[in-house]
Amino acid sequence: MFEFSSDFDPNSIPSWLSESSLGSRWEILSAFAFPNITTHLSLVLTDDESIRELNRVRRGKDYATDVLSFPLSFDLTPWELPPIKKRNFGPILSLGEIVISWDTCKAQAKNIGHSEEDEFFRLFVHGFLHLIGYDHERGEEDEALMKEKEDLCLDLVLGP
């Protein structure tokens with residue numbers, strides 16, 4: 001299950017940011033990470049002002065950021081990618097919510113020199129990995145592991 005909401009007029013954002021297009025990319029990632037498990041993910045596309053407020057209220061950091069993740073199922077122990085064990089999560093595994101700032105996404109894409117779509121999915125995968133327990137802020141080893149998993153997941157989501 002995949003839910004997408006946006007603070008923007010649908011006509012003002014690219015067509016690949018539609019719920020159906022994003023949902024099909026989510027299905028690829030979800031099937032890889034959680035084979036034969038029904039997952040639920042919420043994705044919100046917002047602006048810098050709104051993500052700054054979320055960052056301030058939820059994390060005590062008063063600045064805009066590119067992506068925030070609010071996990072429901074995993075915290076300190078990351079889920080293995082690709083999975084090496086089967087685990088029963090019940091009928092639906094609710095992962096949580098990813099919030100992406102469209103303003104920051106576009107600016108970062110321009111600064112880095114790649115497409116807005118590539119940057120968006122980099123942020124999406126980054127947020128997903130936080131939802132399943134990966135955290136680059138825990139130290140160099142965790143940062144390297146998260147980068148490795150990001151590359152793996154991006155290859156799946158962006159395709160050849």
Side-chain angles (χ1 to χ4, degrees), residues 1-6 13-46 51 54-55 58-59 65-102 104-160:
M1 299 169 56
F2 178 81
E3 292 178 55
F4 174 66
S5 58
S6 171
I13 56 177
S15 60
W16 52 263
L17 278 174
S18 69
E19 186 164 11
S20 62
S21 178
L22 293 170
S24 64
R25 306 253 188 133
W26 166 244
E27 287 174 17
I28 293 167
L29 191 55
S30 178
F32 166 72
F34 300 99
N36 304 314
I37 297 172
T38 302
T39 59
H40 178 265
L41 175 74
S42 175
L43 174 64
V44 176
L45 187 69
T46 193
I51 207 165
L54 275 173
N55 205 18
R58 299 291 299 272
R59 299 178 66 227
T65 188
D66 50 6
V67 60
L68 292 171
S69 298
F70 301 105
L72 293 176
S73 299
F74 298 90
D75 194 14
L76 297 177
T77 305
W79 181 245
E80 186 67 34
L81 289 178
I84 57 172
K85 60 184 175 185
K86 186 172 174 139
R87 194 164 146 196
N88 184 8
F89 292 102
I92 298 175
L93 172 59
S94 201
L95 295 171
E97 184 168 76
I98 299 170
V99 182
I100 296 175
S101 169
W102 183 231
T104 299
C105 177
K106 292 187 296 184
Q108 286 179 176
K110 185 176 181 181
N111 290 340
I112 293 168
H114 60 213
S115 72
E116 291 173 353
E117 184 174 11
D118 285 350
E119 180 63 10
F120 175 85
F121 284 106
R122 187 187 69 77
L123 297 175
F124 178 71
V125 163
H126 187 90
F128 165 71
L129 289 172
H130 276 297
L131 289 182
I132 63 171
Y134 291 87
D135 191 347
H136 53 89
E137 295 179 359
R138 287 190 200 131
E140 289 181 19
E141 192 174 306
D142 286 339
E143 184 177 2
L145 178 61
M146 188 163 175
K147 174 68 172 119
E148 174 189 319
K149 299 305 179 182
E150 251 180 33
D151 292 344
L152 175 68
C153 292
L154 272 173
D155 286 345
L156 290 168
V157 171
L158 294 175

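Since the model is a prediction, treat every value here as computed from it, not as a measurement.
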Item to check | Whether Ser21 side chain and Ser18 backbone form a donor-acceptor pair below 3.5 Å | outcome: no
Item to check | Cation-pi, Phe124 ring and Arg25 (6.0 angstrom, 45 degrees) | outcome: no
Checklist entry - When rounded to the nearest 0.5 angstrom, what is the spacing between CD in Glu116 and CG in Asp118? => result 10.5 Å
Next on the checklist: With side chain to side chain contact (heavy atoms under 4.5 Å, CB included) as the test, pick out the partner of Trp102 among Leu123, Ile51, Leu45.
Outcome noted: Leu45
Checklist entry - Atom OG of Ser101 and atom NZ of Lys106: how far apart are they, to the nearest 0.5 Å? => result 9.0 Å
Checklist entry - If you take all heavy atoms of Cys153 and Val125, which pair is closest and at what distance? => result CB-CG1, 3.5 Å
Checklist entry - Within the side chain of His126, is there an N or O that forms a donor-acceptor pair under 3.5 Å with the backbone of His130? => result no
Next on the checklist: Testing the basics here: between Ile13 and Ser6, what is the closest heavy-atom pair and its distance to 0.1 Å?
Outcome noted: CD1-OG, 4.1 Å
Checklist entry - Does the Ser69 side chain pair with the main chain of Gly127, one donor and one acceptor, at a distance under 3.5 Å? => result yes
Checklist entry - Do Ile132 and Leu95 come within less than 4.5 Å of each other through their side chains, counting heavy atoms only? => result yes
Next on the checklist: Please give me the minimum heavy-atom distance between Leu22 and Phe121, naming the atom from each residue.
Outcome noted: CD2-CZ, 3.7 Å
Item to check | Nearest-0.5 Å distance that lies between atom CD in Glu150 and atom CG in Leu154 | outcome: 6.5 Å
Checklist outcome for this item: Rounded to the nearest 0.5 Å, the CG atom of Leu129 sits from the CG atom of Leu29 at a distance of 7.5 Å
Checklist outcome for this item: Smallest heavy-atom separation, Leu54 atom then Val99 atom, equals CD1-CG1, 3.9 Å
Item to check | Rounded distance [0.5 Å steps], CD1 in Ile98 versus OG in Ser42 | outcome: 9.0 Å
Checklist entry - Side chains of Val44 and Glu97: closer than 4.5 Å at any heavy-atom pair? => result yes
Item to check | Heavy-atom pair with the smallest gap, counting every atom of Trp26 and Met1 | outcome: NE1-O, 3.8 Å
Checklist entry - Is there side-chain contact between Lys147 and Asp151, with at least one heavy-atom pair below 4.5 Å? => result yes
Next on the checklist: What verdict does the salt bridge (charged side-chain N to carboxylate O under 4.0 Å, His left out) test give for Arg122 and Glu119, after you've listed the backbone C-alpha separation in whole Å, the side-chain angles of each residue and the deciding distance to 0.1 Å?
Outcome noted: CA-CA 5 Å; Arg122 187 187 69 77; Glu119 180 63 10; 2.6 Å; yes
Item to check | Trp16/Phe120 aromatic ring centres below 6.0 Å | outcome: yes
Checklist entry - Are Arg59 and Leu68 close enough, and set up right, to give a side-chain contact (heavy atoms from CB on, under 4.5 Å), and what steps lead you there? => result CA-CA 10 Å; Arg59 299 178 66 227; Leu68 292 171; 3.6 Å; yes
Checklist entry - Say you draw a straight line from CD1 of Ile100 to CG of Asp66; how long is it, rounded to the nearest 0.5 Å? => result 8.5 Å
